Amino acid sequence: MEPIMNLIWQRVFQRLHRTSVLPRRNHSGCAEHATVPASTNSRRIKPTLLVSRLYQPSNLRDVGLDSRLQGEMTCKSQRLMQQAGLIHPSNPGCYYYLPATVRSMEKLVRIIDQEMQGIGGQKLDMPSLCSADLWKTSERWDLMGKELFRLKDRHGTDYCLGPTHEEAVTTLVAHQTTLSYRQLPLLLYQITRKFRDEPKPKFGLLRGREFYMKDMYSFDVSEEAAYETYESVCQAYTRLFVRLGLRCVQVQADTGNIGGKLSHEFQLPADIGEDRLLVCGNCSFSANVETMSSDRTDCPQCKTGTLLESKGIEVGHTFYLGKKYSDIFNATFSNAQNKPSIAEMGCYGLGVTRILAAAIEVLSTEEGIRWPGLLAPYQACVLPPKKGSKVDEAAVLAEELVHTLGETMPCLRGEVVLDDRTQMTIGKRLKDARRLGYPYVIVVGQGALEATPRFEVICQQTGETMFLSKDGLLDLLGRVETV
């Protein structure tokens, strides 16, 4: 760590001896600096991410603060995300996802890709506009009722906006007439926008009409093999939630209008949750109350435990479908005897935008967002002193710190922002930083100018404030995990 810090402070003191530094903007929204260099060979400073240039308009944040609209904010995550300028309502059940939210969502997608591809999943993309003929063939055109967004093209042909893609993916596989048992299990998944005509959209991103979902579909040679695939997907879901630091419960569930023989939900316990769960205090048994008598108190698994009721937010769902769809659409493969055989299927969903909102719901305080570490839009925010203050000269140190952290620590490249709004007090910028949920906020003040520089570091996840030396700061940030 010592050579790295020597590099940082050598550059800092070189710059302190130059003329004043005046920020100017480039077209990317980052800052460059017009300086009078010590020599023509001086290295040009690379652009820095600036809070003032991030698209989180104050007029959008005011929507979250407007007392007239507080009644429309039905849960903590919705209020915090709107106040932080992360989302903005478009029409009932639909939102603009602003840049910080998209960064977080892209990180979640990368984690999902890692886990799904780790068990053999292959990513594809299917049309959102689905033929009504397919849905009528599966008899779900009428079964889905008003939840299905329906439309006609100019020729009068019926379509729907897909809330799920069992019909589409099974038809795709059925068209591959040369599929062999040696190619199974086949796991195909996508992460796309989905549409559902919710009668009363509420809770922000937790229950909307347009949302992002990961849906995977598996094809197997036998029932036994299909159960093995089902279990491997459930294990991948468990690993994913462990990586996110979310306490998720796998519960027995109803198969609903998707159908099949077996189903589980992955639930985040939360008071705002709409699902009622029965959980045994003695063993691992848990179930959605829909699958059992609501007044039952004895555990059907261990026989001795008592079932306790709680609420949860559904963030994932798995189904063993059997031959429900493959039989209808004739999705076959050539078995070991070179005879056509109907594939056994499963389907597996994860609510991408719902996971983001649910994580904020269960982890955050009333005053500020706490992200799962891996999903924070940015890992750290550096606060220089207020312009014109007694320690104004520390502003140069703050910018050099941001630049060098990204250069010397690959995991933090593009993850550290500088709050350059130095017309505001440190207190006001700290309040904004708490609202946005940066895992680490670094205040560069008087301590950074001392012979043994020290930095005030606020850990948003724990609420702890630390005063660290330069080596301590690098050691702390060097342990940050990113995707």
Side-chain angles (χ1 to χ4, degrees), residues 109 112-113 115-117 119-141 143-144 147-150 158-196 211-223 225-230 232-234 236-237 255-264 316-334 340-352:
V109 167
I112 292 172
D113 284 339
E115 294 298 339
M116 295 303 99
Q117 292 170 22
I119 58 172
Q122 301 178 61
K123 197 172 187 178
L124 79 168
D125 200 341
M126 292 181 275
S128 294
L129 196 61
C130 302
S131 166
D133 290 341
L134 294 181
W135 285 72
K136 289 175 181 178
T137 301
S138 68
E139 299 183 350
R140 289 210 297 168
W141 182 260
L143 182 64
M144 289 291 290
E147 278 194 11
L148 206 59
F149 275 108
R150 305 161 197 261
D158 287 319
Y159 293 89
C160 67
L161 295 177
T164 181
H165 279 73
E166 285 78 13
E167 289 83 358
V169 75
T170 312
T171 300
L172 173 68
V173 171
H175 285 166
Q176 184 183 347
T177 57
T178 59
L179 189 65
S180 166
Y181 73 96
R182 294 186 179 89
Q183 296 172 269
L184 304 184
L186 175 64
L187 285 77
L188 302 174
Y189 78 98
Q190 63 176 352
I191 299 176
T192 57
R193 288 180 185 263
K194 296 291 189 293
F195 304 87
R196 189 170 296 149
F211 50 92
Y212 279 90
M213 189 173 85
K214 186 281 304 178
D215 45 321
M216 174 182 270
Y217 306 91
S218 63
F219 299 82
D220 273 282
V221 297
S222 66
E223 185 172 335
Y227 276 116
E228 290 178 6
T229 297
Y230 184 95
S232 73
V233 176
C234 289
Y237 279 18
T255 57
N257 56 31
I258 288 181
K261 302 179 179 180
L262 176 68
S263 176
H264 286 89
H317 210 148
T318 56
F319 299 85
Y320 168 51
L321 300 173
K323 297 179 180 178
K324 173 179 170 61
Y325 295 93
S326 52
D327 210 7
I328 293 172
F329 294 101
N330 197 34
T332 63
F333 64 94
S334 296
S341 185
I342 299 292
E344 294 277 343
M345 287 181 61
C347 67
Y348 318 89
L350 279 175
V352 178

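Computed from a predicted model, the values in this text were never measured in an experiment.
- A donor-acceptor pair is defined here as one N or O able to donate and one able to accept, closer than 3.5 Å; such a pair exists between the side chain of Ser263 and the backbone of Thr318.
- Taking OH of Tyr320 as the reference point, atom CD of Glu344 lies at 3.5 Å (rounded to 0.5 Å).
- Side chain of His165 to backbone of Pro127: a donor-acceptor contact under 3.5 angstrom is found.
- In this structure, Ser326 contributes its side chain and Ala343 its backbone to a donor-acceptor pair below 3.5 Å.
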> Can you list the steps and then say if Tyr217 with Thr164 is a side chain to side chain contact (heavy atoms under 4.5 Å, CB included)?
Replying inline: CA-CA 11 Å; Tyr217 306 91; Thr164 181; 3.5 Å; yes

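- When every heavy atom of Leu134 is checked against every heavy atom of Ala168, the shortest pair comes out as CD1-CA, 4.2 Å.
- Between the Tyr325 side chain and the Gly346 main chain, no donor and acceptor come within less than 3.5 Å of each other.
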Pair up each side-chain donor or acceptor in residues 177-184 with any protein partner under 3.5 Å, not counting sequence neighbours, and list the distances.
residue, atom, partner, partner atom, Å
Ser180, OG, Arg182, N, 3.1
Gln183, OE1, Ser180, N, 2.9

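- We find that Glu166 and Lys324 are not joined by a salt bridge, their nearest charged nitrogen and carboxylate oxygen being 4.0 Å or further apart.
- When all heavy atoms of Ser218 and Thr229 are compared, the closest pair comes out as CB-CG2, 3.7 Å.
- Taking the six-membered ring for Trp and thresholds of 30 and 60 degrees, Tyr230 and His264 have ring planes inclined between 30 and 60 degrees apart.
- The CG atom of Leu148 sits 10.0 Å away from atom CG of Leu143, with the distance rounded to the nearest 0.5 Å.
- The distance from atom OG1 of Thr255 to atom NE2 of His317, rounded to the nearest 0.5 Å, is 8.0 Å.
- The shortest heavy-atom contact between Gly316 and Leu350 is CA-CD2, 4.0 Å.
- With rounding to the nearest 0.5 angstrom, the CZ atom of Arg196 is 12.5 Å from the CG atom of Leu161.
- The CE atom of Met213 sits 10.5 Å away from the CD1 atom of Ile191 when rounded to the nearest 0.5 Å.
- Counting all heavy atoms, side chain and backbone alike, Thr170 lies closest to Phe219 at CA-CZ, 4.2 Å.
- Listed by first then second residue, pairs satisfying side-chain hydrogen bond (donor to acceptor under 3.5 Å, both in side chains) with a partner in residues 119-135 read Asp113-Lys123, not counting sequence neighbours.
- Taking each heavy atom of Phe333 and Ile342 in turn, the nearest pair found is CE2-O, 3.7 Å.
- Of all the heavy atoms in Lys194 and Gly162, the pair that sits closest is CD-O, 3.4 Å.
- Leu187 CG to Asp220 CG: the interatomic distance, rounded to the nearest 0.5 Å, is 7.0 Å.
- At distances below 3.5 Å, at least one donor-acceptor pair connects side-chain atoms of Lys214 with backbone N or O atoms of Tyr348.
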> Do Val173 and Met345 pass the side chain to side chain contact (heavy atoms under 4.5 Å, CB included) test, and can you show the C-alpha distance, the side-chain angles, and the key distance before you say yes or no?
Replying inline: CA-CA 11 Å; Val173 171; Met345 287 181 61; over 6 Å; no

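- Counting only distance, with no hydrogens or angles, the side chain of Gln190 and the backbone of Met126 share a donor-acceptor pair below 3.5 Å.
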